[in-house]
Amino acid sequence: MDSHLDQVLVEFTCKNQPKPSLPTEWTLCGEREDRLEVLKVSTFALVISPGDVQLVASAGCSMRLFEALEVGAIPVVLGDHSKLPYHHLIRWSEAVIMVPKPRITELHFLLRSISDNDLLAMRRQGRFLWETYFSTSESIFGTILAGVRTSIQIPAAPIREEPAQEIPHKAGKLAGTDANMADNGDLDLGPVEVEPPYASPRFLRNFTYTAADVYHTWNRAPGPFHLFPHTPLDPVLPSEAKFLGSGTGFRPIGGGSGGSGKEFQAALGGNVPREQFTVVMLTYEREEVLMNSLERLNGLPYLNKVVVVWNSPKPPSDDLLWPDIGLPIVVVRTEKNSLNNRFLPWDAVETEAILSIDDDAHLRHDEIMFGFRVWREARDRIVGFPGRFHAWDVNHQSWLYNSNYSCELSMVLTGAAFFHKYYAYLYSYVMPQAIRDMVDEYINCEDIAMNFLVSHITRKPPIKVTSRWTFRCPGCPQALSHDDSHFHERHKCINFFVKVYGYMPLLYTQFRVDSVLFKTRLPHDKTKCFKFI
């Protein structure tokens, strides 16, 4: 490895009066602003622990650590006897490199052996740790409380849900079955629910440990784990346990007797044998289109209820007759016209699975059911139908949004997609407010914002399931997406979101999911892009 290109800054004398320090501790030189300017152009920041091995932490070392994390430099702590803040709660190995002092002669080799991808991940994680736990007095105090609460096993207060102010409406005639939607051949999609809708279990792991945490630990992932970086107060989210690991109970493989299991169409299978989903449909003054879309949901298996987010300041027409689909249709009044309302964690949504769908999207029942089954196998991902991708514009040095057909994608539009209700809490209460403000300013980009959020949290791309190639609605008014300004705004949104996150979280994938069990008709010119299961 060529070390001649590496630049190393070492200052042995202070230009001004050094800060007071403890014996055997290296002095902190210069003003904070000057140190930050140097760290901004640095990949690594050396933090030398005090010479006294009994001194496991000091103010000077903590200051160097926090300044490095703040600007995205990777702290290199020389001295493995040091104890970093909240070391029993934070995995510092994901953001900090700790090297014993006797190995200082190997330091350059060790740092040069780290790949660029790992460097980026460590810098990003370090910045996240600083923002979440150390950036403000509020976050520091919240971290202390969360640490104490975790130690004595007191559950956090449940995060609030958005109260749904229901708009009264009257049902009309019993909805029929749309011929197009019922075109499923001889395939049995599953049972239409004849019992009252049932919700997903809530708050399953609030207190100490459960049997699922200790049963057959040698044959499962180590312990309960969080896929998401929580806020310092670490609120307990409804249904969180099943999301982190769906095996909340133990049952024979396949769920049947004799080891034969259930037939594919007869049950969902898996470790959560009973589960439903909720359709959340955003609408704005398109009553006829909305009524047609609701009627097409009649007879859809595993549907819990439909939540219609009424985004218009004008109430529905007094003489409007809503279709009777045999399940509750909850019409929610919103405070203002905002696309962010699509992702509010409404208390009316009682299932973990949410199918977010536009009021003009046409999906067959078999397509919806297949998407639901795929989501159950990847509950931490966005699983949907229309795929999009981002690209780097070399000429303008900026990111572009692209909706052209491609075998590669990095986003799945939430106009027809499944996601976990967990993300509704994160989108509405945890994601930076600046992103939601931009969505309101442009009346656009809420789907891009959700993809940014999920990819940032999971570091995984979405999953596209195959469907018909276009969403046609002959009777619908002209959509906003047909306007050229729509795409210019989405270009601006992507670049703004990158600035907010500090990097590009979207990930490319060529993986798509299709199933011959659903007898999908594949156009001959598009089969090359598919991965089959």
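Residues take their numbers from the sequence shown, with the count starting at 1.
Taking both residues in full, the closest heavy atoms of A68 and A45 are given as CB-CB, 3.8 Å, listed atom of the first, atom of the second, then distance. Nearest heavy-atom pair, W346 versus P163, reported as atom, atom and distance to 0.1 Å: CZ3-O, 3.7 Å. In this structure, L119 and I114 approach most closely via the heavy-atom pair CD2-CG2, 3.6 Å. Contact record, N304 with P328: O-CD, 3.8 Å, taken as the closest heavy-atom pair. Heavy atoms only, all atoms of each residue included: P462 and T509 are closest at O-CG2, 3.8 Å. Nearest heavy atoms, T132 versus S139: O-CB, 3.3 Å.
One side chain, T283 or D359, offers a donor N or O that lies under 3.5 Å from an acceptor on the other. No side-chain donor-acceptor contact under 3.5 Å links Y442 and H486. R490 and N444 form a side-chain donor-acceptor contact under 3.5 Å, judged by distance and modelled atom types alone. A side-chain donor-acceptor contact under 3.5 Å links S317 and E287. Side-chain contact of T278 with T351: a donor-acceptor pair under 3.5 Å is present, judged by distance alone.
Distance check, rounded to the nearest 0.5 Å: CE of M431 to CG of N340 gives 6.5 Å. With rounding to the nearest 0.5 angstrom, the CD atom of Q125 is 11.0 Å from the CZ atom of R459. The CD1 atom of I494 lies 8.0 Å from the SG atom of C445; values are rounded to the nearest 0.5 Å. For the atom pair CD of E67 and CH2 of W130, the computed distance is 10.5 Å after rounding to the nearest 0.5 Å. Between atom OG1 of residue T143 and atom OH of residue Y133 there is a gap of 6.5 Å, rounded to the nearest 0.5 Å. The NE2 atom of H456 sits 14.0 Å away from the CG atom of N451 when rounded to the nearest 0.5 Å.
Ion pair R333/E335 not flagged as a salt bridge, since none of the NZ, NE, NH1 or NH2 atoms sits closer than 4.0 Å to an Asp/Glu carboxylate oxygen. Taking 4.0 Å as the cut-off between side-chain N and carboxylate O, D358 and R342 count as a salt-bridged pair. The residues E37 and K40 are annotated as salt-bridged, a charged nitrogen and a carboxylate oxygen being separated by less than 4.0 angstrom. By the 4.0 Å N-to-carboxylate-O rule, R35 lies too far from E31 to be salt-bridged with it. R127 has no carboxylate O lying under 4.0 Å from a charged side-chain N of E70, or vice versa, which leaves the two without a salt bridge. Here R379 pairs with E352 in a salt bridge; the nearest charged N to carboxylate O distance falls below 4.0 Å.
Classified by interplanar angle (parallel below 30°, tilted 30° to 60°, perpendicular above 60°), the ring pair W92/F134 is parallel. The aromatic rings of F343 and F419 lie perpendicular to each other, with more than 60° between the two planes, well past the 30° mark. Classified by interplanar angle (parallel below 30°, tilted 30° to 60°, perpendicular above 60°), the ring pair Y508/H390 is parallel. The aromatic rings of H420 and W375 sit tilted, their planes meeting at an angle between 30° and 60°. By the 30° and 60° cut-offs, the orientation of the rings of Y429 relative to Y425 is tilted.
In the displayed structure, M98 atom CE is contacted under 6.0 Å by more than 12 heavy atoms of other residues, nucleotides or ligands. Within 6.0 Å of CG in N404 there are more than 12 heavy atoms belonging to other residues, nucleotides or ligands.
Figure legend: cation-pi geometry between R274 and Y198, with NZ or CZ positioned under 6.0 Å from the six-membered ring centre and within 45° of its axis.
The distance between the ring centers of F418 and F385 does not fall below 6.0 angstrom.
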Take Y423 and I354 through the side chain to side chain contact (heavy atoms under 4.5 Å, CB included) test and state the conclusion after the steps. CA-CA 10 Å; Y423 294 120; I354 294 177; over 6 Å; no
With side chain to side chain contact (heavy atoms under 4.5 Å, CB included) as the criterion, how do Y501 and L506 come out once you've worked through the C-alpha distance, each side chain's angles and the decisive distance to 0.1 Å? CA-CA 11 Å; Y501 280 95; L506 297 179; over 6 Å; no
Side chain to side chain contact (heavy atoms under 4.5 Å, CB included) between I74 and V96, worked out: CA-CA 6 Å; I74 300 175; V96 174; over 6 Å; no
Test side chain to side chain contact (heavy atoms under 4.5 Å, CB included) on F452 and I448; report intermediate values, then the result. CA-CA 6 Å; F452 264 69; I448 300 178; 3.6 Å; yes
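Between the side chain of R512 and the backbone N or O of K464, no donor-acceptor pair lies under 3.5 Å. For K460 (side chain) and L507 (main-chain N/O), no donor-acceptor pair under 3.5 Å exists by modelled atom type.
Screening residues 430-442 for salt bridge (charged side-chain N to carboxylate O under 4.0 Å, His left out), with sequence neighbours left out, gives K336-D440.
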